[in-house]
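Here's the structure we're looking at; comments come further down.
Here the structure is a predicted model, which is why all the values come from computation and not from measurement. These values consider heavy atoms only, across backbone and side chains, with no hydrogens, waters or symmetry-generated copies.
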There are 2 protein chains.
Amino acid sequence: MKKAKLPQTTVARLPVYLRSLVYLAGRGVQIVSSEELAQLAGSNAAQLRKDLSYLGEFGTRGVGYDVDQLINEISKWLGLLRDRSVVIAGMGRLGGALVGYPGFSQKGFRIVAVFDHDPAKVGRGVDGLIVRDMSELGSIVSQNGGVDIGIIATPASAAQAVADQLVRSGIRGILNFAPITIEVPDEVFVRQVDLSVELQILSYHLQKAERVGVLV
Amino acid sequence: MKKAKLPQTTVARLPVYLRSLVYLAGRGVQIVSSEELAQLAGSNAAQLRKDLSYLGEFGTRGVGYDVDQLINEISKWLGLLRDRSVVIAGMGRLGGALVGYPGFSQKGFRIVAVFDHDPAKVGRGVDGLIVRDMSELGSIVSQNGGVDIGIIATPASAAQAVADQLVRSGIRGILNFAPITIEVPDEVFVRQVDLSVELQILSYHLQKAERVGVLV
DNA sequence: GCCTGTGAAGCTTTTCACAGCG
DNA sequence: CGCTGTGAAAAGCTTCACAGGC
């Protein structure tokens, strides 16, 4: 099977497989079985084979998968063969942490500008970048010949206005850390990361475990 | 339907509904329809009604849902009626951002201690807490009478060892920001947040859009 | 013999559409 | 009449189990 649309769940797992494969490549491993790779990625062998089967037939029966080849194929499918440019809006503590996050640059995500609304922060340097005023977003995106991804690290109150600005500047992918649902046109993709939501989901499972512990 | 197990997907959406309801309550809204609430939460009316139906029957036909009552019911189901204690391991930039994250304390997640392995960081103050050495984790968790949730904000290389320590200290819920799959016993719940994975998923969608734009 | 690739079965989740009730 | 609650249908996803090919 080739170049069809992948299931959402498969798309979400491919980066994890990729991470595991890069780890293996770094240790000099050249061939890996579905069982081994699935274990590393926290998945299972059947799932992994099914996922990879959507991309094509890259394995060798009786042997396994070639690590380098798989890295290349998954990268291709994820659109990672070229670098992606990123801007960050909101230079609070979270924004500040994201600028320096080593995982981004390692994986080809280049942060080209950072923004804040607060005059006290504008003009300061952060990891080799100068914090720009939010009003400059459009012009700086243009100067960079368009930007792929915008990260929103502002308070919830500012997030929708920032999202509107990002969309107007032509950005089509948004990673939103603000705890609010932002509205964007259909052609713009949003990933929402809400840290409190994660803790609340954990809280649900903890409570369930407690109930069992108490009642049973 | 009452006190059964909720679908995983429902559990993941409840915190988002809760966030929207708290927003409405803050604006003095007392009654909300499934249509309005779903819009705010980025869901749809049918989905929302189905999700809420797992918790019980709280709506009034022809009218809608009572905002305060729903807040209370969802909080109960998520185990949020009491505060949850949290420790953070890893006081790099991300860990530092998490300690001060206002969403945590607002929602009843109390950070009781923070840890790092680096002697240069141990002993320093961060948001009113003193950074402790990782080796003290067990004893400090005990001093607090047990801790609900551990957040891993270390590099990938340290994450598994930290996870082991958290589990040994009796912690049953882990939020892992390190880009690696950690192994824990079945009774421990892990939520994985990988920032690079999110960008890579966006990259996939951007590439798909590009292909359509170029080829069609 | 061994591990991949994949139809088919089974399960979960979403959507539909309307009965039920204030 | 309007909006909830919910069976039933549809869609999506995972697991099974084995054929296929090195």
Side-chain angles (χ1 to χ4, degrees), chain A residues 1-17 20-21 24 29-71 73-74 77 201 204-205 208, chain B residues 1-17 20-21 24 29-71 73-74 77 201 204-205 208:
Chain A
M1 201 177 289
K2 269 242 110 180
K3 287 289 168 190
K5 210 180 76 224
L6 308 179
Q8 290 303 309
T9 45
T10 298
V11 174
R13 280 187 296 263
L14 287 180
V16 181
Y17 300 150
S20 309
L21 287 160
L24 288 173
V29 178
Q30 288 174 353
I31 302 286
V32 69
S33 71
S34 59
E35 192 68 61
E36 292 162 332
L37 182 52
Q39 164 105 47
L40 263 179
S43 182
N44 69 70
Q47 178 97 263
L48 178 105
R49 291 202 301 274
K50 186 62 115 181
D51 284 339
L52 295 183
S53 78
Y54 293 121
L55 315 190
E57 301 192 18
F58 305 119
T60 308
R61 293 167 197 230
V63 180
Y65 299 93
D66 182 280
V67 171
D68 287 338
Q69 187 189 5
L70 256 197
I71 288 174
E73 286 295 336
I74 294 178
W77 277 84
I201 294 171
Y204 170 81
H205 291 291
K208 244 192 353 177
Chain B
M1 199 178 287
K2 269 244 109 178
K3 286 290 167 189
K5 210 179 77 224
L6 307 179
Q8 289 305 309
T9 46
T10 298
V11 173
R13 280 187 298 263
L14 287 180
V16 182
Y17 300 150
S20 308
L21 287 161
L24 288 173
V29 177
Q30 288 174 354
I31 302 287
V32 69
S33 71
S34 60
E35 192 68 61
E36 293 163 332
L37 182 52
Q39 165 104 47
L40 262 178
S43 182
N44 69 70
Q47 177 98 263
L48 178 107
R49 290 203 301 274
K50 186 63 115 183
D51 284 340
L52 295 184
S53 78
Y54 294 120
L55 315 191
E57 301 191 20
F58 305 120
T60 309
R61 294 169 196 226
V63 181
Y65 298 93
D66 182 280
V67 171
D68 287 337
Q69 186 190 3
L70 256 196
I71 288 174
E73 286 296 336
I74 295 178
W77 276 84
I201 295 171
Y204 169 80
H205 290 292
K208 244 192 354 177

Within-4.5 Å side-chain heavy-atom neighbours: [X] and [Y]:
X	Y	value
A/D51	A/T9	no
B/H205	B/K208	yes
B/F58	B/L52	no

### Query
Under 4.0 Å: is that the gap between some side-chain N or O of A/T9 and OP1 or OP2 of D/dT14?
yes
### Message
Taking only side-chain N and O atoms of A/S34, does any of them lie within less than 4.0 angstrom of OP1 or OP2 on C/dT4?
### Response
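It does, given that an N or O in the side chain of A/S34 lies less than 4.0 Å from OP1 or OP2 of C/dT4.
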Length of the line joining [X]:[atom1] and [N]:[atom2], which is rounded to integer Å:
X	N	atom1	atom2	answer
B/Y54	C/dT12	OH	P	11 Å
A/D51	D/dG12	CG	P	16 Å
A/K50	D/dT15	NZ	C1'	9 Å
B/I31	D/dG2	CD1	P	18 Å
B/L6	C/dT12	CG	P	14 Å
B/L52	D/dT6	CG	P	11 Å
B/L55	D/dG5	CG	C1'	13 Å
B/Q47	D/dT6	CD	P	16 Å

### Query
Who passes side chain to side chain contact (heavy atoms under 4.5 Å, CB included) against A/R49, sequence neighbours left out?
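So A/R49 forms a side chain to side chain contact (heavy atoms under 4.5 Å, CB included) with A/S34, A/A45, A/Y65.
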### Query
If you pin A/T10 and B/G59 to their nearest nucleotides in DNA chain D, which one's is more 5'?
B/G59
With the criterion being N/O to N/O and under 3.5 Å, what pairs connect the protein with nucleotides 18-22 of chain D, and how long is each?
{"from": "D/dG20", "atom 1": "O4'", "to": "A/R61", "atom 2": "NH1", "distance (Å)": "3.4"}
{"from": "D/dG20", "atom 1": "N3", "to": "A/R61", "atom 2": "NH1", "distance (Å)": "3.0"}

### Task
Among the candidates D/dC13, D/dC16, D/dT4, find the nucleotide nearest to the side-chain atoms of A/P7.
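Side chain of A/P7 sits closest to D/dC13.
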### Task
Report the distance from atom CG of A/N44 to atom CD of A/Q39, rounding to the nearest 0.5 Å.
11.0 Å
### Task
Calculate, to the nearest 0.5 Å, the distance between atoms CG and CG belonging to A/L21 and A/L40 respectively.
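CG of A/L40 is found 8.5 Å from CG of A/L21.
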Please name the pair of heavy atoms, one in [X] and one in [Y], separated by the smallest distance, quoted to 0.1 Å.
X	Y	result
B/V67	B/I31	CG2-N, 3.9 Å
A/L70	A/L37	CD1-CD2, 4.1 Å
B/L6	A/Y204	N-OH, 3.4 Å

### Query
Does anything in residues 37-45 of chain B reach DNA chain C, meaning a heavy atom under 4.0 Å, and if so which residues?
B/N44
### Query
Hey, does B/E35 reach any base, or is it just sugar-phosphate, or nothing, if we go heavy atoms under 4.0 Å?
nothing
